[in-house]
Protein chains: 2
Amino acid sequence: MIRVVLAEDQALVLGALAALLDLESDISIIATAANGRQALDALTRQATEAPVDILITDIEMPELGGLDLAEMVRRDFPATRVVIVTTFGRAGYLRRALEAGVRGYLLKDTPADQLAAAVRRVAGGERVIAPELALNAWDGKNPLNQRQRDILSLAGEGLSNRAIGQKLHLAEGTVRNYLSEAIGELQAENRIEAYRLARQQGWL
Amino acid sequence: MIRVVLAEDQALVLGALAALLDLESDISIIATAANGRQALDALTRQATEAPVDILITDIEMPELGGLDLAEMVRRDFPATRVVIVTTFGRAGYLRRALEAGVRGYLLKDTPADQLAAAVRRVAGGERVIAPELALNAWDGKNPLNQRQRDILSLAGEGLSNRAIGQKLHLAEGTVRNYLSEAIGELQAENRIEAYRLARQQGWL
DNA sequence: GATCAAGGGTGACATTTGTCACTACTGCCG
DNA sequence: CGGCAGTAGTGACAAATGTCACCCTTGATC
């Protein structure tokens, strides 16, 4: 019997996924969580009894996201293997997930019957990556440095150069420079396009 | 037996929801669809046999979104009642949904067991609105006209005034004017903030 | 100690964006 | 018919944005 914990912030989806997996006779959902924090709690509670084999988790969740969660699980519960199930095929997310030692990475638009299959394969020691992402996982890495990322994020929220400068304690001209660099590196036409591109790639 | 068609673009979620509802003995999933177009096809196919009682649909889907779909269903399949299930609690979405004659509006973070309950109630003639939205459904309506919406959308994708003008066959100055109006109406500081605000409200 | 890269900054400049006032052409509505 | 709201456009102007060349520290690295 494969022991599974499920983390997903949308309760309806959480419940539905649990129902889906519970149909499988060799898989048992032993806990569900609405965020990363709750997932860690569940793993801790179970630690005294039988270990949890698989943690299935979304990425974008309140409190504690799936990527940070994966790193903590690797450190504190090395026997538990993490499978990410997310909407986002962003290259940067997959990269970070792999760096966090994740054993599976599926998109929410893979067919439903493949979830149970993926769980079994990961439980058996295999690594499962959504095929549409497997190829270009390691091309282009994040071309933006920390400053550029911070500034681009704020710009994408509608702040002016002046406002960004104040928030980050930088001169307005400096903000302009970093933004200009970022726009150039991403081959965008302006800050809005640059923000969109970076976000798409998971580089924020 | 309540006859249900399900539309949702994320295959995994679609499958999971289907599994969830199929556990109910009085509900039967007779078709699933990955977008609005497919949902219409399914309704058309079923029309010759018994009618479909309930169409459950997401809003943001490729090809044909849930709100447009709802309007078409009201026109072409008046016997079928529509239930929206979406991530987004945006006021504008709910408003448009209600205007389209939708009978149910649930958020994806309502507990899973309430989905079947909502289906039964809508099938019985009731109207079911997610309680956290029911109250402020009819405050503030969309202050943007069609032109302003179109232009703001394109601006939010990073297009320049010139580019927007070309796409919409308008002079650059005209684009500037509409954008300026939109920014003013939304009390934003610039196009980016205006875009964010409008999007948040479901006014796009 | 010289050199060099990174991080932060300045000033000048062209372009884009945002604001406003005012014009022109519809299509209603009284 | 006159008035008026909605849609499109123009011109002028101020402010914000984007680009570039160049300066100054500070810490490596040779």
Side-chain angles (χ1 to χ4, degrees), chain A residues 92 95-96 99 140-204, chain B residues 68 71 92 95-96 99 140-204:
Chain A
R95 167 186 305 272
R96 278 181 60 199
E99 282 165 0
K141 64 173 194 294
N142 196 334
L144 304 174
N145 63 32
Q146 189 58 46
R147 271 288 179 225
Q148 292 167 344
R149 280 199 295 277
D150 290 348
I151 289 176
L152 192 52
S153 294
L154 293 173
E157 282 167 26
L159 300 209
S160 67
N161 291 333
R162 188 193 321 284
I164 295 172
Q166 300 200 328
K167 201 163 232 176
L168 264 42
H169 308 292
L170 292 175
E172 185 182 337
T174 308
V175 172
R176 277 216 299 281
N177 283 339
Y178 281 115
L179 222 24
S180 183
E181 283 173 25
I183 292 168
E185 304 234 50
L186 299 174
Q187 305 193 74
E189 289 293 319
N190 54 50
R191 56 180 63 200
I192 308 180
E193 203 185 332
Y195 176 77
R196 297 219 138 203
L197 287 172
R199 196 123 216 308
Q200 226 172 44
Q201 298 295 318
W203 287 339
L204 273 189
Chain B
D68 294 331
E71 283 179 33
R95 167 184 306 271
R96 279 181 60 199
E99 281 165 0
K141 65 170 195 290
N142 194 336
L144 302 175
N145 64 31
Q146 190 58 50
R147 271 289 178 227
Q148 292 167 344
R149 281 199 295 277
D150 291 347
I151 289 176
L152 193 52
S153 294
L154 293 173
E157 284 167 24
L159 300 210
S160 67
N161 290 336
R162 190 196 317 289
I164 295 172
Q166 299 200 329
K167 201 163 231 176
L168 264 40
H169 307 293
L170 293 175
E172 185 181 337
T174 308
V175 173
R176 277 215 300 280
N177 283 340
Y178 281 116
L179 222 24
S180 182
E181 283 173 27
I183 292 168
E185 303 236 51
L186 299 174
Q187 306 192 78
E189 290 292 320
N190 53 51
R191 55 182 64 200
I192 307 180
E193 202 184 334
Y195 176 77
R196 297 219 139 202
L197 287 172
R199 196 125 215 310
Q200 224 171 44
Q201 297 295 320
W203 287 339
L204 273 189

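Reminder, nothing fancy here: chain letters follow the sequence lines and each chain counts from 1. Atoms considered below: every heavy atom in the structure, side chains included; atoms not considered: hydrogens, waters and symmetry mates. This one's a predicted model, so the numbers in the text were calculated from it and none came from an experiment.
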Whole angstroms only, please: what is the [atom1]-[atom2] distance between [X] and [N]?
X	N	atom1	atom2	value
B/Glu181	D/dG6	CD	C1'	10 Å
B/Arg162	C/dG18	CZ	C1'	16 Å
A/Gln187	D/dG18	CD	P	17 Å
B/Ile192	D/dG18	CD1	P	8 Å
A/Glu193	C/dT17	CD	P	12 Å
B/Leu168	D/dA8	CG	P	9 Å
A/Arg191	D/dG18	CZ	C1'	9 Å
A/Ile151	D/dT17	CD1	P	13 Å

Does [N] have OP1 or OP2 sitting under 4.0 Å from an N or O in the side chain of [X]?
X	N	value
B/Tyr178	D/dT7	no
A/Ser160	D/dA16	no
B/Asn161	C/dT16	no

So what does [X] touch, heavy atoms closer than 4.0 Å: a base, only the sugar-phosphate, or nothing?
X	value
B/Asn190	sugar-phosphate
A/Thr174	base
A/Asn177	base

Closest to side chain of B/Ala171, choosing from D/dG18, C/dT19, D/dG9: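 Ranking D/dG18, C/dT19, D/dG9 by closest atom to the B/Ala171 side chain puts D/dG9 first.
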
Counting only heavy atoms from other residues, nucleotides and ligands, does the tally under 6.0 Å from CD of B/Gln146 exceed 12?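 Atom CD in B/Gln146 is crowded, with more than 12 foreign heavy atoms closer than 6.0 Å.
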
Might you confirm whether atom CD of A/Glu172 has over 12 heavy atoms from other residues, nucleotides or ligands at distances under 6.0 Å?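 Yes - once you tally the heavy atoms of other residues, nucleotides and ligands closer than 6.0 Å, there are more than 12.
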
To the nearest 0.5 angstrom, please state how far the [atom1] atom of [X] sits from the [atom2] atom of [Y].
X	Y	atom1	atom2	result
A/Leu168	A/Leu159	CG	CG	9.5 Å
B/Glu181	B/Arg147	CD	CZ	12.0 Å
A/Leu144	A/Glu185	CG	CD	6.5 Å

Would you kindly compare B/Asn145 and A/Leu179 by the position of their nearest DNA chain D nucleotide and give the one closer to the 5′ end?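 It is B/Asn145, whose closest nucleotide lies nearer the 5' terminus.
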
